[in-house]
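See structure below.
Since this is a predicted model, take the numbers as computed values, not measurements. For ligands, and for the atoms within them, numbers begin at 1 and follow the listed sequence.
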Amino acid sequence: MRISKIDLYLVRMKLVSPFETSFGVETHRETVIVRIEEERGEVGWGEAPIMEGPWYSYETSQTAWHVLKDFITPSLVGEEVEGPGGFWEGIGKRVRGHNIAKAGVDKALWDLKARLMGESLSKLIGGVRDEIYSGISIGIKKNIKELLKTVERRLEEGYRRIKLKIRPGWDVGVLREVRKEFPHIPLQVDANAAYTLDDYLLLRKLDQFDLLMIEQPLDEDDLADHSQLARKISTPICLDESIKTIYDVKAAYLLGSCEIINLKPSRVGGITKGLEIHDLCLRLGIPIWIGGMLETGIGRGFLVAMATLPGVKFPNDISASSRYFKEDIVEPEWCLNPDGTISVPKAPGIGVEVKEEMLERVSIKRERIG
Ligand code: OSB
Ligand code: MG
């Protein structure tokens with residue numbers, strides 16, 4: 001396909017409620033939306049769901065904007081690009097790192113490819129389900145009472161499993177209260193790298209709560225200490241921040257650093273790289289699930305498609321649009337079915353349409369390349 005123009009939108013949308021993790025509080029979602037148009041006028045949409053500050057990873061909305069505007073998109077516009085594969089053979093390979101920025105373009109090229117073929121993205125990538133299991137990630141709250149109320153409300157809404165953010169001081173005591181109130185719900189925790197191996201006795205106390213897993217307890221670069229910790233606790237370790245490339249999966253597997261992987265397509269560079277990791281995990285017998293980054297409805301479409309893959313064995317951090325925003329930028333919005341699933345669209349591409357008028361309204365910066 002020949003790419004005729006690319007539009008970048010820096011979008012800022014208010015979250016319905018602040019989202020607090022061990023690395024900070026998010027009240028707004030700043031994210032980059034990518035629109036790629038090819039010569040016949042067909043359009044693909046992507047999203048680079050970076051955070052405003054370098055707290056989850058080193059990338060920020062400004063670095064993603066810079067890398068996309070100054071390096072990646074100029075080498076694509078006016079060129080013949082063999083879909084997402086062509087992107088990765090060219091500029092996608094030349095640019096080091098910046099996975100989340102690259103993911104924005106990779107996704108738009110996948111959406112475009114699927115729309116040109118008249119096929120849903122899920123079908124195109126080998127998805128095997130019509131519905132995906134939805135879970136919810138609940139941030140750190142002011143107090144336990146507020147947390148218990150939130151958990152109860154989310155269960156009533158139909159979410160299948162609850163993930164709680166933890167950090168030192170908001171861990172064992174909180175879990176004890178939650179388990180007392182909800183003894184049997186599927187429950188897991190996410191530390192976003194807030195602990196060290198020296199905390200292993202405290203982390204071992206979490207074993208009594210029958211958790212599905214503990215996500216990213218230690219530093220993102222420390223596969224060695226995760227491997228040590230795995231031998232000291234019985235709760236399965238799931239890696240998120242640590243897995244940025246397929247090489248991280250291989251190392252984690254050989255070291256025994258985790259039992260489960262949270263595959264966030266954006267963290268690894270998008271759909272192309274996500275599929276490679278999915279296939280490797282399936283071959284190695286590492287169960288995965290699809291994690292989220294508070295995406296808008298555009299990014300959410302890619303999460304839903306990825307969650308239909310056969311290697312996905314746990315509920316995902318893919319919640320309904322209403323959990324994040326008062327109004328989403330796609331139509332229809334992503335809705336939760338009463339049984340806690342989200343239906344996979346059958347329409348071409350990600351299967352939802354972008355409300356371009358709203359997109360303009362929530363954009364704080366715009367750039368057209370080409
Ligand atoms: O660690 O999984 C995480 C959101 C932003 C950055 C990191 C994480 C998260 C979530 C939310 O847990 C998942 C979602 O609902 O999108
Ligand atoms: Mg996480």
Side-chain angles (χ1 to χ4, degrees), residues 13 15-31 47-61 64 99-100 103 132-141 150-151 154 157 159-167 170 187-195 211-220 226 236-244 248 252 258 260-268 274 288-304 306-307 314-325 328 333-334 336 340 342:
M13 282 162 68
L15 293 167
V16 284
S17 54
F19 186 68
E20 181 163 358
T21 64
S22 64
F23 60 76
V25 190
E26 307 283 327
T27 57
H28 288 77
R29 195 68 191 82
E30 228 179 75
T31 180
E47 177 170 358
I50 28 22
M51 301 272 135
E52 229 173 301
W55 322 126
Y56 168 79
S57 82
Y58 66 83
E59 293 185 79
T60 72
S61 38
N99 282 350
I100 302 180
I132 60 109
Y133 296 120
S134 184
I136 189 159
S137 172
I138 298 179
I140 294 163
K141 300 288 176 190
T150 308
V151 172
R154 296 311 190 181
E157 286 172 7
Y159 288 103
R160 285 244 172 148
R161 74 94 173 95
I162 301 287
K163 168 170 130 181
L164 301 179
K165 292 290 186 178
I166 57 168
R167 71 166 168 227
W170 184 266
L187 187 64
Q188 64 194 60
V189 294
D190 185 358
N192 288 109
Y195 297 88
L211 302 175
L212 291 168
M213 66 194 81
I214 176 169
E215 188 176 330
Q216 198 68 42
L218 313 179
D219 191 90
E220 68 173 76
H226 277 104
I237 293 178
C238 169
L239 290 177
D240 172 356
E241 285 92 324
S242 290
I243 306 296
K244 286 160 282 198
D248 297 323
C258 67
I260 303 163
I261 286 176
N262 166 348
L263 177 57
K264 284 185 186 165
S266 303
R267 194 192 59 225
V268 301
I288 66 167
W289 52 281
I290 306 301
M293 300 264 286
L294 314 173
E295 282 89 345
T296 72
I298 297 173
R300 198 155 302 282
F302 294 89
L303 301 179
V304 169
M306 290 294 284
F314 288 94
N316 309 282
D317 272 354
I318 308 176
S319 308
S321 297
S322 61
R323 180 253 177 275
Y324 308 95
F325 309 105
D328 206 341
E333 297 201 348
W334 297 98
L336 194 67
I342 289 177

Testing I342, L336, I136 for side chain to side chain contact (heavy atoms under 4.5 Å, CB included) with I318, which one passes?
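Only one of I342, L336, I136 forms a side chain to side chain contact (heavy atoms under 4.5 Å, CB included) with I318, namely I342.
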
For [atom], which protein heavy atom lies nearest, and how many Å away is it?
| atom | result |
| --- | --- |
| atom 15 (O) of ligand 1 | Y324 OH, 2.6 Å |
| atom 4 (C) of ligand 1 | F19 CE2, 3.7 Å |
| atom 7 (C) of ligand 1 | K264 NZ, 3.3 Å |
| atom 9 (C) of ligand 1 | G292 O, 3.7 Å |

N/O to N/O below 3.5 Å, does that happen between [X] and ligand 1?
| X | result |
| --- | --- |
| N262 | no |
| E241 | no |
| S319 | no |
| D190 | yes |

Just do the salt bridge (charged side-chain N to carboxylate O under 4.0 Å, His left out) check on E20 and K165 with the steps written out, would you?
CA-CA 8 Å; E20 181 163 358; K165 292 290 186 178; over 6 Å; no

For M51, take its heavy atoms, then give the atoms of ligand 1 lying under 4.0 Å from any of them.
5 (C), 6 (C)

Pull out every atom of ligand 1 sitting under 4.0 Å from any heavy atom of D240, numbered as shown with elements.
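Atoms satisfying the 4.0 Å criterion: 1 (O), 2 (O), 3 (C).
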
Going by atom types only, do [X] and [Y] share a side-chain donor-acceptor pair under 3.5 Å?
| X | Y | result |
| --- | --- | --- |
| N192 | Q216 | no |
| Y195 | R167 | no |
| T60 | E52 | no |

How long is the straight-line distance from OG of S322 back to CG of D328, given to the nearest 0.5 Å?
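D328 atom CG to S322 atom OG measures 9.5 Å (nearest 0.5 Å).
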
Using a cut-off of 6.0 Å, state whether more than 12 heavy atoms not belonging to Y133 lie near its atom OH.
no

Part of [X] within contact of ligand 1 (heavy atoms, under 4.0 Å):
| X | result |
| --- | --- |
| K163 | side chain |
| K165 | side chain |
| T21 | neither |

Of N192, I290, L294, which has the heavy atom at the shortest distance from atom 1 (O) of ligand 1?
N192

Between the Mg ion (ligand 2) and E215, is there an N, O or S atom separated by less than 2.8 Å?
yes

Could you walk me through whether R323 and E157 pass salt bridge (charged side-chain N to carboxylate O under 4.0 Å, His left out), step by step?
CA-CA 10 Å; R323 180 253 177 275; E157 286 172 7; over 6 Å; no

Show your reasoning for whether salt bridge (charged side-chain N to carboxylate O under 4.0 Å, His left out) applies to D317 and K264.
CA-CA 10 Å; D317 272 354; K264 284 185 186 165; over 6 Å; no

Residue D240 atom name (nearest to the Mg ion (ligand 2); N/O/S):
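When I compare the N, O and S atoms of D240, OD2 is nearest to the Mg ion (ligand 2).
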
Of all N/O/S atoms in D190, the name of the one nearest the Mg ion (ligand 2)
OD2

Indicate yes or no: does R267 engage D240 in a salt bridge with an N to O separation below 4.0 Å.
yes

Please say whether the positively charged group of R161, taken as NZ for Lys or CZ for Arg, lies over the ring of W289, i.e. under 6.0 angstrom from the six-membered ring centre and within 45 degrees of the axis.
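Output yes; distance and angle both within limits.
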
